[in-house]
Amino acid sequence: MKIKIIGNIWLDSIMATAFIFLIIYVLSSLLNRLEAIDPIGEALEDVEFTDLVYSNLREAPPAEDDIVLINIGRLPRAGVAEEIRIINKYNPRVVGIDSFFPYPKDPTQDSILAVALSEVENLVMASKLLNLKEEQNYFDSMRISAAPFRPNADFAFANLVTAEGVTQEDVKTCRTFTPTLKYKDEIQMAFAVRIANYYAPEKVEKFLARGNAVEYIDFKGNSIGSESNFATTFYALDIQDVFNENFTPDVIEGKIVIFGFMGDYFGDPYNIEDKYFTPLNVKYAGRGAPDMYGAVIHANIISMILDQEYVYQLDKTYQLLAAIILCYLNVVAFMWVYYSLPNWYDGITKLTQLVELLLIIGLIIYSYHWFNWNLELTLAMGVVAAVGDSLEVYNGVVKNMFTKEGRKELFSFKRKTKKVVIN
């Protein structure tokens with residue numbers, strides 16, 4: 001008889017676990033519909049616990065020696081050409097241009113820029129993939145610079161795009177990027193990956209062999225003039241620094257150099273063009289201003305590849321499996337409390353849920369801090385938060401609805417209440 005009872009308990013727990021996942025699915029669908037009228041949820045929806053690693057736990061890494069950033073501000077094309085000419089005479093290993101020159105303007109300035117670009121030995125220029133065909137999973141259009149600027153350049157997409165084709169302009173915080181994307185029948189590398197491939201092709205090969213459609217960025221730091229949790233990591237030259245050659249040759253020689261917009265001047269507080277929120281933002285919740293320019297994000301990606309310090313992700317299958325196992329174990333334990341210690345049920349379950357949630361949050365934060373593992377245990381946290389109350393609904397309503405005694409008790413109560421007359 002004991003074996004039969006235990007078997008019923010395990011089966012009952014499986015049914016309860018399935019019911020809890022149904023509740024979570026219904027609630028998440030409802031919340032998705034209501035998020036437009038939930039200002040608090042909207043402010044916090046983009047906060048991840050791993051952001052706390054950058055704001056509270058990690059120390060600033062050493063300065064990056066292999067990458068130099070050059071601000072092009074709003075220079076005319078002749079001004080950009082002059083910056084390129086000055087930097088190029090100090091023999092950088094590879095030059096990346098994180099900007100577009102999509103159509104002819106002034107013939108004289110265009111000619112000067114075309115000549116400057118043609119003199120760069122290893123040149124990567126930004127492209128932008130457009131018009132995603134979701135069913136076929138490819139882009140059918142590409143924006144690139146005009147023909148006079150293209151002969152000496154390799155092109156790679158600089159738009160930060162997730163696997164679902166959502167641009168980072170539509171996403172509050174930039175945490176991820178796609179290493180490759182499909183343009184028509186071609187596979188294109190991301191801008192940062194293509195630049196790194198000139199500098200350390202064996203490391204890029206190893207990075208791409210991971211086979212991840214989306215990679216998390218292991219941020220190393222920001223550049224001068226940007227408020228951040230880390231100290232300045234990437235060496236950067238403002239417009240006048242370049243024109244006045246306010247640097248030593250060894251800063252440029254043999255290095256990766258990225259030209260991009262970084263404000264009208266370093267520290268420009270008013271310009272947020274091509275600027276994004278990142279986990280390095282000094283205000284990781286409810287923040288008001290983006291903290292990192294696109295060129296610096298590309299530099300962080302390159303640094304991650306060169307240092308081979310990747311972020312590892314828990315596969316979605318394991319995320320679901322962890323949630324199911326955790327939910328089932330909680331159900332078995334809470335079932336015992338429900339029937340053996342009914343007066344203690346609320347207190348014990350709420351305390352247990354609180355402790356479990358704190359432990360999961362700690363696991364998420366310190367796994368990222370110590371091992372660069374992004375565990376993505378949101379579903380597991382959801383089932384832990386829901387299991388106590390959902391189990392009461394399951395035991396008090398669902399199970400009774402499927403038993404003759406339960407239905408009899410409910411309907412006999414209804415009949416009794418009809419006979420009550422209020423004078």
Side-chain angles (χ1 to χ4, degrees), residues 10-29 31-32 44-54 57-58 137 161-166 171 173-181 206-219 279 301 304-305 307-335 349 352-388 390-391 394:
W10 296 131
L11 179 60
D12 202 20
S13 297
I14 291 173
M15 298 295 291
T17 299
F19 174 74
I20 291 166
F21 273 87
L22 177 62
I23 290 291
I24 290 174
Y25 174 77
V26 172
L27 288 176
S28 63
S29 300
L31 288 174
N32 286 336
L44 297 176
E45 68 178 351
D46 198 45
V47 176
E48 291 191 6
F49 294 116
T50 52
D51 294 351
L52 298 173
V53 172
Y54 294 103
L57 296 176
R58 284 190 180 174
N137 194 29
V161 183
T162 68
E164 292 77 21
V166 179
V171 179
T173 298
C174 179
R175 294 187 181 90
T176 63
F177 78 106
T178 45
T180 61
L181 285 172
K206 182 178 179 180
F207 171 69
L208 294 176
R210 287 159 55 85
N212 294 329
V214 176
E215 289 277 1
Y216 275 82
I217 304 169
D218 183 27
F219 283 93
I301 296 169
M304 179 183 77
I305 295 171
D307 293 342
Q308 301 183 80
E309 294 179 353
Y310 315 129
V311 176
Y312 299 90
Q313 303 167 53
L314 187 65
D315 187 88
K316 289 185 178 180
T317 301
Y318 295 115
Q319 294 176 33
L320 178 60
L321 185 62
I324 292 172
I325 292 172
L326 192 58
C327 183
Y328 182 74
L329 292 176
N330 274 281
V331 166
V332 171
F334 289 4
M335 279 283 198
T349 57
T352 303
Q353 287 171 282
L354 178 60
V355 171
E356 285 187 61
L357 287 172
L358 291 175
L359 288 173
I360 293 172
I361 291 171
L363 181 63
I364 291 171
I365 292 172
Y366 283 95
S367 292
Y368 193 84
H369 177 48
W370 289 329
F371 309 111
N372 263 17
W373 269 100
N374 191 328
L375 295 181
E376 289 285 349
L377 295 175
T378 305
L379 182 58
M381 293 180 67
V383 299
V384 168
V387 64
S390 298
L391 193 57
Y394 174 78

Indicate yes or no: at least one non-hydrogen side-chain atom of Tyr366 is less than 4.5 angstrom from one of Trp373.
no
Measure from the side-chain N and O atoms of Gln319 to the backbone N and O of Leu314, and report whether any donor-acceptor pair falls under 3.5 Å.
yes
Give a yes or no on whether a salt bridge exists between Asp218 and Arg175, defined as a side-chain N under 4.0 angstrom from a carboxylate O.
no
Under 6.0 Å between ring centres: does that hold for Tyr310 and Phe207?
yes
Would you say the side-chain atoms of Asn330 and Gln353 include a donor-acceptor pair closer than 3.5 Å?
no
On a heavy-atom basis, the closest approach of Ala323 and Val383 is O-CG2, 3.7 Å
Could you pull out the closest heavy-atom pair between Ile24 and Leu379, with the gap in Å?
CG2-CD1, 4.4 Å
Determine whether the side chains of Glu376 and Tyr318 contain a donor N or O and an acceptor N or O closer than 3.5 Å.
no
Show your reasoning for whether side chain to side chain contact (heavy atoms under 4.5 Å, CB included) applies to Glu356 and Leu326.
CA-CA 10 Å; Glu356 285 187 61; Leu326 192 58; 3.6 Å; yes
Taking all atoms of both residues into account, what is the closest heavy-atom pair of Ser390 and Ile20, and its distance?
CB-CG1, 3.6 Å
How close do Thr17 and Cys327 get, heavy atom to heavy atom, and via which atoms?
CG2-SG, 3.7 Å
Please check if any side-chain donor atom of Tyr54 sits under 3.5 Å from a side-chain acceptor atom of Tyr368, or the reverse.
yes
Cys174 side chain near Ile217 side chain, heavy-atom distance below 4.5 Å:
yes
Out of Ile365, Ile364, Asn372, which one pairs with Val53 under the side chain to side chain contact (heavy atoms under 4.5 Å, CB included) rule?
Ile365
Closest heavy-atom pair and its distance - Pro179, Ala213
CD-O, 3.6 Å
Looking at Arg210 and Glu215, is any side-chain nitrogen of the basic one under 4.0 Å from a carboxylate oxygen of the acidic one?
yes
Given side chain to side chain contact (heavy atoms under 4.5 Å, CB included), test Phe21 with Ile324 step by step and report yes or no.
CA-CA 9 Å; Phe21 273 87; Ile324 292 172; 3.7 Å; yes
Should Phe219 and Arg58 count as side-chain neighbours, where that means a heavy-atom distance under 4.5 Å?
no
Quick one: do Val214 and Phe177 satisfy side chain to side chain contact (heavy atoms under 4.5 Å, CB included)? Show the steps, please.
CA-CA 6 Å; Val214 176; Phe177 78 106; over 6 Å; no
